[in-house]
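For the single chain, residues carry numbers from 1 onward in sequence order. Note: hydrogens, waters and symmetry copies are ignored here, and every other heavy atom, side chains too, is used.
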Amino acid sequence: MGGSDDHARRKPSLPWTVRVQLAALALVHRRDGSVRRLLFSLGDLKSGTTSRPGASGVRSADVTIDASRGLWARVFSPSSGADADAAAAPVPVVVYFHGGGFVLFSAASRPYDAFCRRLCRGLRAVVVSVNYRLAPGHRFPAAYDDGVAALRYLDANADSLPAHVPVDLSSCFLAGDSAGGNITHHVAQRWAVAAVSPTNLRVAGAVLIQPFFGGEERTAAEVALDGASALSVAATDHFWKEFLPEGATRDHEAARVCGEGVKLADAFPPAMVVVGGFDLLKDWQARYVEALRGKGKPVWVVEYPDAVHGFHVFPELTDSGKFVEEMKLFVQEHKSTNTKRAV
């Protein structure tokens, strides 16, 4: 799973459409990893909500979670369909956290809007994509606070969600990619610690897609795969500098989630960890998996040897479709069979 293996000696095989998009994203970063924000804002095209399902069979609407901090989410709902029994059956909820190094993108960014639609349709689940606050304006722990606030909102307001199907709060899954995968871990841990309080919402599983973890040391993959795709070591260092408390190192508990020092509540949910062969973060992800297993937590590891960081948002990549199917299996295995908490 970890290590540099032969990936440093070859380039990922990608369609030209994907190569162009990754090259454009790489141009957003200066050599020191900092972001050309004006350039990024010009390329970060947004998608609006859709009140009718259209060809995708998915509707979407935005909801305000906490107006005082500008926290909102985009809710994607699958079509009820022609089958009355299927339409009445409660569906799982996926709370999604987008990637971008805690610094870039939003729930309305086109790649994430499109990806959440694919998840909604492929899993037949209501997807709640959280537009958490970004660094450097909102450093650690703002993103984690917003994630927990989103769960509390769902717990209290699921019956008023703009979803066109009933939802099963006992089958709530957290998911996210890159920085969103990091948020997924920390929100799952916080919710598990607070699980002694009675709630309608049960976190049934956590899906971490190429999660963004790190530390002060350089791993073999970071050295070998620096620059293999749009993500570079300089960029990841910059993201940590923007997100972590001022003066903190990358060994901060938010970043270095591995080793014996990792704290995991008894109620921490089963996890699915997705690893890409051309992802320079894969050694940190391997260490994370080891930490979970060392604490006796069930972990489902899915590896794509030819995948670059962020592969899942490109529907033209075969591995992207495979991932949706793998996540569907994970959700089916861990969702609740008790629908008494459906609303």
Judged by modelled atom types alone, do [X] and [Y] share a side-chain donor-acceptor pair under 3.5 Å?
X	Y	answer
Asp177	Tyr96	yes
Tyr144	Asn182	yes
Asp62	Thr49	no
His138	Tyr132	no
Arg117	Ser60	yes
His309	Ser178	yes

Is there a donor-acceptor pair under 3.5 Å between the side chain of [X] and the backbone N or O of [Y]?
X	Y	result
Arg124	Ser79	yes
Arg139	Lys241	yes
Asn157	Tyr153	yes
Arg59	Arg52	no
Asp155	Thr199	no
Gln332	Leu123	no
Arg36	Leu27	yes
Lys282	Glu222	no

Check: [Y] and [X] side chains under 4.5 Å, non-hydrogen atoms:
X	Y	result
Lys335	Asp168	no
Asp32	Asp237	no
Val207	Leu174	no
Cys116	Phe76	yes
Phe311	Asp279	no
Arg256	Glu217	yes
Pro211	His185	no
Val58	Ser77	no

(message) How about NZ on Lys297, more than 12 heavy atoms from neighbouring residues, nucleotides or ligands closer than 6.0 Å, or not?
(response)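 More than 12 heavy atoms, drawn from other residues, nucleotides or ligands, come within 6.0 Å of this atom.
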(message) Tell me whether Arg152 at atom CZ has more than 12 heavy atoms from other residues, nucleotides or ligands lying less than 6.0 Å away.
(response)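 At most 12 heavy atoms, drawn from other residues, nucleotides or ligands, come within 6.0 Å of this atom.
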Shortest non-hydrogen contact between [X] and [Y], atoms and distance:
X	Y	value
Val95	Leu151	CG2-CD2, 3.9 Å
Pro162	Val63	CD-CG1, 3.4 Å
Ala125	Val94	CB-CG2, 4.2 Å
Val165	Pro78	CG1-O, 3.8 Å
Arg218	Arg250	NH1-NH2, 3.4 Å
Ser109	Asp44	OG-OD1, 2.8 Å

[X] side, atom [atom1]; [Y] side, atom [atom2] - distance, nearest 0.5 Å:
X	Y	atom1	atom2	value
Arg74	Asp113	CZ	CG	5.0 Å
Ser106	Asn131	OG	CG	5.0 Å
Glu216	Thr249	CD	OG1	4.5 Å
Leu39	Arg37	CG	CZ	12.0 Å
Leu231	Leu281	CG	CG	5.5 Å
Ser232	His238	OG	NE2	10.5 Å

(request) Just jot down the salt bridge (Lys or Arg N to Asp or Glu O under 4.0 Å) partners of Arg30, sequence neighbours excluded, or say none. (result)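 Salt bridge (Lys or Arg N to Asp or Glu O under 4.0 Å) list for Arg30, sorted by chain: empty.
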(request) Check salt bridge (Lys or Arg N to Asp or Glu O under 4.0 Å) between Arg19 and all other residues, then give those that pass, not counting sequence neighbours. (result)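 Arg19 satisfies salt bridge (Lys or Arg N to Asp or Glu O under 4.0 Å) with no other residue.
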(request) For the pair Tyr112 and His98, name the ring-plane relationship: parallel under 30°, tilted 30 to 60°, perpendicular over 60°. (result)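 Answer is tilted, since the angle falls between 30° and 60°.
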(request) Apply side-chain contact (heavy atoms from CB on, under 4.5 Å) to Val18 and list each qualifying residue two or more places apart in sequence or on a separate chain. (result)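 If we apply the side-chain contact (heavy atoms from CB on, under 4.5 Å) test to Val18, skipping adjacent residues, the hits are Leu14, Pro15, Leu22, Phe314, Glu316, Leu317.
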(message) If hydrophobic clusters are built by linking Ile, Leu, Val, Met, Phe, Trp and Tyr wherever their side-chain heavy atoms come under 4.5 Å apart, do Leu329 and Phe173 end up in the same one?
(response)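 Linked within one cluster.
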What pairs of donor and acceptor atoms, side-chain ones from residues 265-276 against any protein atom, are under 3.5 angstrom apart with sequence neighbours left out?
none

(request) Check Trp240, Phe243, Trp284 against Phe212 for a ring-ring contact (aromatic ring centres under 6.0 Å, His included) and give me the one that passes. (result)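 Of all the options given, the one that passes is Trp240.
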(request) Could you walk me through whether His29 and Phe239 pass side-chain contact (heavy atoms from CB on, under 4.5 Å), step by step? (result) CA-CA 11 Å; His29 294 276; Phe239 288 147; 3.4 Å; yes
(message) Could you walk me through whether Leu134 and Val103 satisfy the side-chain contact (heavy atoms from CB on, under 4.5 Å) test, starting with their C-alpha distance in whole Å, then the side-chain angles of each, then the deciding distance to 0.1 Å, before giving a yes or no?
(response) CA-CA 5 Å; Leu134 299 177; Val103 173; 5.8 Å; no
(message) Checking Tyr304 against Asp306 for the side-chain contact (heavy atoms from CB on, under 4.5 Å) test, could you report, in this order, the C-alpha distance in whole Å, the side-chain angles of both residues, the deciding distance, and whether it holds?
(response) CA-CA 6 Å; Tyr304 299 103; Asp306 295 322; over 6 Å; no
Check: residues 320-328 side-chain donor-acceptor pairs under 3.5 Å, at least two apart:
{"from": "Ser320", "atom 1": "OG", "to": "Arg118", "atom 2": "NH1", "distance (Å)": "3.0"}
{"from": "Ser320", "atom 1": "OG", "to": "Arg118", "atom 2": "NH2", "distance (Å)": "2.9"}
{"from": "Ser320", "atom 1": "OG", "to": "His312", "atom 2": "O", "distance (Å)": "2.6"}

(message) As a quick check of understanding, evaluate side-chain contact (heavy atoms from CB on, under 4.5 Å) for Leu208 and Phe213, giving each step before the final call.
(response) CA-CA 11 Å; Leu208 298 87; Phe213 299 125; 4.1 Å; yes
(message) My understanding is that a hydrophobic cluster links ILVMFWY residues whose side chain heavy atoms are under 4.5 Å apart, including indirect links. Using that, what else belongs to the cluster containing Trp72?
(response)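 None; Trp72 is a cluster of one.
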